[in-house]
Structure formats: structure tokens, C-alpha cells
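See structure below.
Everything numeric in this text was worked out from a predicted model, so none of it was measured. Counting starts at 1 for both ligands and their atoms, in listed order.
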Amino acid sequence: MSEYLQAKAAYAKLGVDTDAAIEKLKSVPVALHCWQGDDVRGFDQKSDGPLTGGIQTTGNYPGRARTPEELMADIDMVLKLCPGMKKMNLHACYAIFDDENGGWVDRDKIEPKHFKKWVDFCKARGLGCDFNPTFFSHPMCDPLTLASPNEETRKFWIEHGKACIRISQYLAEELGQPCVMNIWTGDGFKDIPADRMGPRMRYKESIDAILSEPFDFDKVKPCVESKVFGIGVEAYTVGSAEFSLGYAAANKDKCIPLMDNGHYHPTEVVSDKIPALLTFFPEIALHVTRPIRWDSDHVVLLDDETREICKEIVRCGGLDGRVKIALDYFDASINRIVAWTVGFRNVQKALLMALLTPDVQLKGLQDADNWTELMVRQEELKTLPFGAVWTQYCESCGAPADGEWFSVAKAYETDVLSKR
Ligand code: RNT
Ligand code: ZN
């Protein structure tokens, strides 16, 4: 008997159908963030300014993508190395300006045509696309954006947000899949503020203004992403957890909350917050990342919290569109293709593991107050032959198995990345 058939039989004993799990996972889009490929630089700034907004890439591994063509080629390699259904995730700073579309414009003036090449890229690969306004790494950050006391600054960034709504609508219509549009700013202060309410009131009004731009909520899913602190923004964050959740709750007809698991105090876990939010919100969005001590955006591993997040997504019925899953990390200290691939494959693994869990039986034990057997059953799941199911999944997606893809990534490094 093949390894897969043996594994299938082992899971079947627990009432788990491995074939069904594999088929289900193939239908779940996971958004691949374009910004791992170039250390969150983008293409829209003439001068090579620093990354701002309290986020930080560290490392200077050779081979980062410097042009849209290089970034697209790198993404193609990642798509080939990963199983599962992918969706692109772009930032506004990845706009492509050329002579055909009239050349460079500032962020308040960007249009769908600046993303036409990305639409062509996605169409050719059957991908949907998510989108993000870019409220950082720009001279109009004073350093605040949507919460700035300066009206001219706020106006510029509101116009940027509205332009991004129009672009998101265009992406959704062209690609025939909803576009999640995430609003995150690094607005906040390094030191103790004298006014905590003013910036939040301005932030609220600015988001209101952005969302007053007409859009179809079935196609465009605006999100607000909360944060606890950033580098140089240690004392106060305008878009805190309560602010963002409050905003989403008060605007359920046009906005959903987004949780990034690097954006909470270290003993808080997003896995536990998923069912809490799904109790009240029809839809929520996630940025899956790996914080170490802070929002360091390390590559996602198959660690306990990633597994727990995926278990909650599956158990709470999140795979049928209620939970929008995206990756968000940027490691510049290792091969970027490998960083992307390891994180994407790990989210796929964690989702597959979750789908291979006999949830109904385990819930039954909990409801019967049988914590002894629940512990035994949960622990024994850990040594089931998951690897054989994973290999089968990769094969049925036409993607390489573990042990097969790293050499391909290394050859690409030798042939392409090292020549940049
Ligand atoms: C920053 C947020 C945000 C960014 C991306 C680039 O802390 O997580 O989502 O990482 O928009
Ligand atoms: Zn994020």
C-alpha cells in the first residue's frame, strides 16, 4: 500500500476523510504579499528613501527585485514552488508607470491603469488580487498621514485612499474575485502625547471620507488593521486595537476588521480572537506573520500559534469566505524566494493539519466535560502520518513536495538572483 493510502486509513479510523480535506484546501485562496520580494520598497518613489511608518526590514541578502519585471519573475517562481490557491496582494507603491500610461503621478492621483500590468499578470495565472493603500515611505508623511493635524496632509492621504478604493473595484471586476483593501497607517507617537483623542477623531473622519468613495461591498472589502506599536512609535498608536475594532463594528456595512498576529502584546494570541470576532462580524481578515519579541515580520513557521490560528479558521467555518487569509512578512536577511515559499507552504500545511482534525468528536468530548480523553486525543493527533497527506496534496496541486523545491529555488538564485 502507498504511504498515502496508509495515512488515509489511519485518519479514516478517526473519522477524517483525507481526500475531502485535500479537495477543500485547494479551494481556499491565500493572499501572497508582493512586498517580500523587494523589502517593501515598491516602484513609485523617485528617490530611494527609507521605509517609514514604524516597520523595518533587516538584512541585505543579494538579489532583491528592482523592477516590476524582476518582481513578477520572482513571484512566478514562488507560485510554482507552492501548492494551493493563491491570490496576489499588492501595495499602491507597486504602481507601474510608463510612457503608455502617461508616466509618473503621485499617490493621490494613481488610477486603475497603473495596475493594468498586474491585472494582466493575474489574469494569465488565474489569480485574484488584494490591495493596500501605501501610507508610508513618502514625503507627505509629516510623519502622520490620515490622523495628521495638518489639513493638507490629511487631504492628500484621503485622496490616496479614495484612489485605492477605485483601483480595488477595478481589480475585483477585472479578476472576478473580491478585493480585500486594507487600511493600515503607522500613525502614532514616539513619546507620551498630550492629546490622544484628537488624532483618533481625525483618523476616524479620514477613514469615513475614504469610504465615502462609492464601491460595491460585495467586490471591495475595505479593512482596518490595528497595531500596538512600531519602531519610533512606541508610546501611542492612533489605530489601536480598540479604535480599529470599534471602527469596524460601527461600520459593518462597509468595512471589516483585520488582525495581524504581530500587532498584539506578546501573551495575546490571534487564534483566540478569531472566534471572538466571528461571533459579531460576518467577515474578518488576517495577516499571518511571525513576531519575535515585537512585530518583526519573520517568515511564518509551522509553529504552535500558526497551527492554532488555522485550526480556528477551519473550526469556525472560516474557509468559505468568512476569513480572508493573507501573509505579511518581509525578511531581507535570507533568500527572498525561499522566505516567501517557506511561509506560504507553512500556512498551507497548518490549514491541511486543521482540516485533518476530527473536530466534531473533539467538540463532543469538550461538551461532555471529558477533558481527560480530549487531552489524549489531541496529543495523539500530533503523531499521525501527516507528511504523507501533505505529499499527496502537493502532488495533486502539481507542486513540488518537501525535499524537492529547495534545489529549484537555489538554481534560480544561481541563474537569476545572483546576477542582479
Ligand atoms: C505593518 C502592517 C502592514 C504592513 C504592510 C506592508 O505593521 O502589518 O500590514 O506590514 O502593509
Ligand atoms: Zn499587517
Side-chain angles (χ1 to χ4, degrees), residues 30-45 49-58 64-65 71 88-95 107 129-138 141 143 145-146 157 160-161 164 167-168 179-188 221-234 236-241 243-245 248 256-266 270 273 284-300 305-306 309 323-332 336 339-340 343 347:
V30 175
L32 183 71
H33 55 314
C34 74
W35 52 91
Q36 165 60 61
D38 74 335
D39 313 338
V40 209
R41 287 170 198 246
F43 312 124
D44 76 334
Q45 292 304 294
L51 178 61
T52 70
I55 53 178
Q56 192 93 72
T57 48
T58 51
R64 103 182 136 74
L71 188 61
M88 276 313 300
N89 197 359
L90 298 176
H91 245 284
C93 61
Y94 292 83
R107 286 191 194 161
C129 189
D130 291 342
F131 199 63
N132 305 258
T134 310
F135 297 106
F136 52 82
S137 306
H138 189 280
C141 302
T145 63
L146 295 176
W157 290 111
H160 176 56
C164 289
I167 293 161
S168 298
C179 172
V180 175
M181 191 199 97
N182 178 43
I183 297 175
W184 170 76
T185 75
D187 286 17
K221 302 286 176 186
C223 307
V224 276
E225 179 181 14
S226 68
K227 191 156 177 176
V228 61
F229 81 97
I231 296 293
V233 191
E234 288 87 359
Y236 165 87
T237 292
V238 185
S240 61
F243 174 90
S244 303
L245 207 48
I256 65 178
L258 185 146
M259 296 189 290
D260 177 313
N261 63 299
H263 291 192
Y264 296 87
H265 290 281
V270 161
K273 298 174 193 293
I284 65 169
L286 298 179
H287 274 180
V288 183
T289 186
R290 178 164 56 107
I292 298 194
R293 321 277 172 227
W294 69 291
D295 183 36
S296 58
D297 287 292
H298 280 68
V299 175
V300 174
E305 176 56 4
T306 305
I309 286 172
V323 180
K324 323 285 179 201
I325 310 168
L327 304 185
D328 181 16
Y329 55 80
F330 24 94
D331 192 333
R336 294 172 185 80
W340 247 327
V347 171

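Phe330 pairs in a side-chain contact (heavy atoms from CB on, under 4.5 Å) with only one of the listed residues (Thr289, Val40, Asp39, Thr58), which is Val40. None of Gln36, His298, Arg290 except one satisfies the side-chain contact (heavy atoms from CB on, under 4.5 Å) rule with Tyr329; the exception is Gln36.
When distances from the Zn ion (ligand 2) to the N, O or S atoms of Glu225 are compared, OE2 comes out shortest.
Near His287, with a cut-off below 4.0 Å to any heavy atom, the atoms of ligand 1 are 9 (O). Atoms of ligand 1 found under 4.0 Å from any heavy atom of Asp295 (numbered from 1 in listed order, with element): 7 (O). Short contacts between ligand 1 and Ile55, defined as distances under 4.0 Å to a heavy atom of the residue, involve ligand atoms 1 (C), 7 (O). Proximity to Phe330 (heavy-atom distance under 4.0 Å) selects the following atoms of ligand 1: 10 (O).
For Trp184 and His91, the ring centers are positioned 6.0 Å apart or more.
Between the CG atom of Asn89 and the SG atom of Cys129 there is a distance of 7.0 Å, given to the nearest 0.5 Å.
In terms of heavy-atom proximity, Arg107 sits nearest to Trp157 at NH1-CH2, 3.9 Å.
With the Zn ion (ligand 2) as the vertex, OD2 of Asp328 and OD2 of Asp260 span 90° to the nearest 10°.
Judged purely by atom type and a 3.5 angstrom limit, Asp187 uses its side chain to pair as donor or acceptor with the backbone of Leu146. Of the possible polar contacts, none joining the His33 side chain to the Asp328 backbone as a donor-acceptor pair under 3.5 Å is found.
At least one N or O atom of Asp328 sits closer than 3.5 Å to an N or O atom of ligand 1. When only interatomic distances are considered, the shortest N/O to N/O separation between Glu225 and ligand 1 falls below 3.5 Å. Considering both main-chain and side-chain atoms, His263 comes within under 3.5 Å of ligand 1 through a nitrogen or oxygen pair. Remark: ligand 1 and Asp260 share an N or O pair separated by less than 3.5 Å (distance only, no angle test).
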Evaluation steps, side-chain contact (heavy atoms from CB on, under 4.5 Å), between Val270 and Glu305: CA-CA 8 Å; Val270 161; Glu305 176 56 4; 4.2 Å; yes
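The Zn ion (ligand 2) has an N, O or S atom of His287 closer than 2.8 Å.
Scanning the protein heavy atoms around atom 5 (C) of ligand 1, the nearest turns out to be His91 NE2, 3.5 Å. When hydrogens are left out, the protein atom nearest atom 7 (O) of ligand 1 is Lys227 NZ, 2.7 Å; that is the closest non-hydrogen contact.
Between Phe229 and Trp294, the angle of the ring planes lies from 30° to 60°, which puts this pair in the tilted group.
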